[in-house]
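Okay, so here's the structure we're looking at.
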Amino acid sequence: MTTPKPHIAHTLLSRAHSPDTATQLFTERIKQKPLYVRPTSPTPADNRSRRRLHRLRKKEYFLRKQKPQPLSARQKRASGLYDLPKEECKYAIFQELHGMWVRYMQDMLDLGEKKFKPPMTPLSHGSKLSSADFHGAEVEVVRSRCEGRVGVRGIVVRDTKFTFVVVTRGDEVKTIPKEQTIFRFSVPLPQADDADADGAAGAGEASAHSEKKEELVFELHGSQFQNRPVDRANKKFKWRNVDYI
């Protein structure tokens, strides 16, 4: 009867320690140590289901931590969050919004009497114009792939990723796609009140001066403006070729 072959670990330990120490180390740290066997590798289907479960749990945890919980796209449509009531779509109502937008653009472009230094260049003001919010801007279609849209003018009441929803002077709501459409808008320059400065200007002269109010005119290429206002805030201004002109 052949003697069993000694374990390789016991042989290595006996080379570095005494026989008693080697036997003790082998018994405590190797022979009696539990062996954890790794299961066989899962199949690709199991990996896919595990990733899906992890993704769902992560999403559920994120939504649970939101206070209050955000509405889904279906809930927003059902609640009428994006609907514009016809009785409220009046040009006169949104004129106040346009006035707020004009003051907002004047502050953004530094058009104050002492701040503004012409000329205005794309390098100095291009990034500000590309990240601006156009809710309340009065735009006019000057060029479009559809000839019927040319000449449409109104105040922007909704700025989506691909369209401008405007209210015209005739209280009509029109949806204008941005693709291959050029919009024109203007920002008036703030004027000094000469009547207060001189103290002797007549009412007729003041009204004639107000009619000569200067303004800056811009043209917006809709094909290069297809993003939401919230996404434009952190978007960098880049030069792009215009192929359709």
Side-chain angles (χ1 to χ4, degrees), residues 80-112 116 118-122 125-191 207-233 235 237 240 242-245:
L81 183 62
Y82 299 121
D83 296 340
L84 293 173
K86 294 183 179 180
E87 61 275 6
E88 297 181 4
C89 294
K90 305 295 183 181
Y91 184 84
I93 295 177
F94 290 101
Q95 276 185 324
E96 296 183 5
L97 178 63
H98 174 64
M100 296 174 58
W101 178 85
V102 168
R103 293 189 293 271
Y104 156 74
M105 289 298 293
Q106 289 175 350
D107 294 340
M108 173 173 282
L109 299 177
D110 298 331
L111 297 183
F116 178 59
M120 181 175 293
T121 61
H125 296 82
S127 59
K128 297 180 180 180
L129 287 171
S130 62
S131 61
D133 192 336
F134 283 84
H135 285 95
E138 188 169 2
V139 299
E140 179 184 2
V141 179
V142 295
R143 185 178 298 183
S144 177
R145 183 171 53 183
C146 178
E147 297 181 357
R149 300 193 186 105
V150 177
V152 177
R153 184 184 182 94
I155 298 176
V156 177
V157 296
R158 182 182 297 166
D159 181 5
T160 65
K161 185 175 182 180
F162 299 108
T163 61
F164 275 141
V165 181
V166 301
V167 175
T168 64
R169 293 181 180 271
D171 297 336
E172 295 180 354
V173 180
K174 293 184 178 294
T175 302
I176 306 174
K178 296 180 181 179
E179 185 178 4
Q180 297 191 5
T181 304
I182 299 179
F183 302 90
R184 181 179 296 166
F185 65 95
S186 61
V187 179
L189 293 175
Q191 300 291 333
S207 61
H209 179 73
S210 61
E211 293 177 358
K212 299 179 181 179
K213 186 177 294 185
E214 298 180 353
E215 59 184 12
L216 298 176
V217 180
F218 302 92
E219 288 189 353
L220 178 67
H221 295 265
S223 295
Q224 301 182 6
F225 214 69
Q226 295 184 358
N227 40 40
R228 300 182 304 166
V230 66
D231 297 332
R232 290 198 300 266
K235 191 176 182 64
F237 175 71
R240 293 182 182 178
V242 182
D243 300 330
Y244 55 90
I245 295 181

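Please read these numbers as outputs of a predicted model, since none were measured by experiment.
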Heavy-atom closest contact (P85 atom, C89 atom, distance): O-SG, 3.1 Å
Sequence-distant partners of D107, side chain to side chain contact (heavy atoms under 4.5 Å, CB included), two or more places apart: none
Side chain to side chain contact (heavy atoms under 4.5 Å, CB included) against V187, all qualifying residues, sequence neighbours excluded: W101, M105, Q106, L111, F185, F218
Residues two or more places apart in sequence or in another chain: which of them pass side chain to side chain donor-acceptor pair (under 3.5 Å) with E219? R184
Those residues that, when tested against S131, pass side chain to side chain contact (heavy atoms under 4.5 Å, CB included) (two or more places apart): none
So which atom in V165 and which in V173 form the shortest heavy-atom distance, rounded to 0.1 Å? CG1-CG1, 3.7 Å
To the nearest 0.5 Å, tell me how far Q226 CD sits from D231 CG. 13.0 Å
Contacts of type salt bridge (charged side-chain N to carboxylate O under 4.0 Å, His left out), residue E140, not counting sequence neighbours: R153
Contact summary for L109 and K128, nearest pair of heavy atoms: CD2-CB, 4.2 Å
Which atom names give the shortest non-hydrogen contact between T181 and S144, and what distance separates them? OG1-OG, 3.5 Å
Could you list the residues that satisfy salt bridge (charged side-chain N to carboxylate O under 4.0 Å, His left out) with D83, not counting sequence neighbours? none
For R149, which residues count as a salt bridge (charged side-chain N to carboxylate O under 4.0 Å, His left out) partner, sequence neighbours excluded? none
By ring pair (Phe, Tyr, Trp, His ring centres under 6.0 Å), F225 pairs with (sequence neighbours left out) F134
Is any side-chain heavy atom of F164 closer than 4.5 Å to one of L220? yes
Salt bridge (charged side-chain N to carboxylate O under 4.0 Å, His left out): pairs with one or both residues in residues 161-171, sequence neighbours excluded: E138-R169
State which residues pass ring pair (Phe, Tyr, Trp, His ring centres under 6.0 Å) with Y91; sequence neighbours excluded, sorted by chain then number. none
CD of E147: more than 12 outside heavy atoms within 6.0 angstrom? no
What's the separation between atom OG1 in T163 and atom CD in E179, rounded to the nearest 0.5 Å? 12.0 Å
Atom of P229, atom of D159 and distance for their closest heavy-atom approach: CD-O, 3.4 Å
Applying salt bridge (charged side-chain N to carboxylate O under 4.0 Å, His left out), can you list everything that pairs with E172, at least two apart in sequence or on another chain? K174
If I take atom CD from residue Q95 and atom NE2 from residue H98, how far apart are they, to the nearest 0.5 angstrom? 8.0 Å
Where is the tightest heavy-atom contact between F183 and K178, given as atom of each residue plus distance? CE1-CA, 4.2 Å
N/O donor-acceptor pair under 3.5 Å between Y104 side chain and D133 backbone: yes
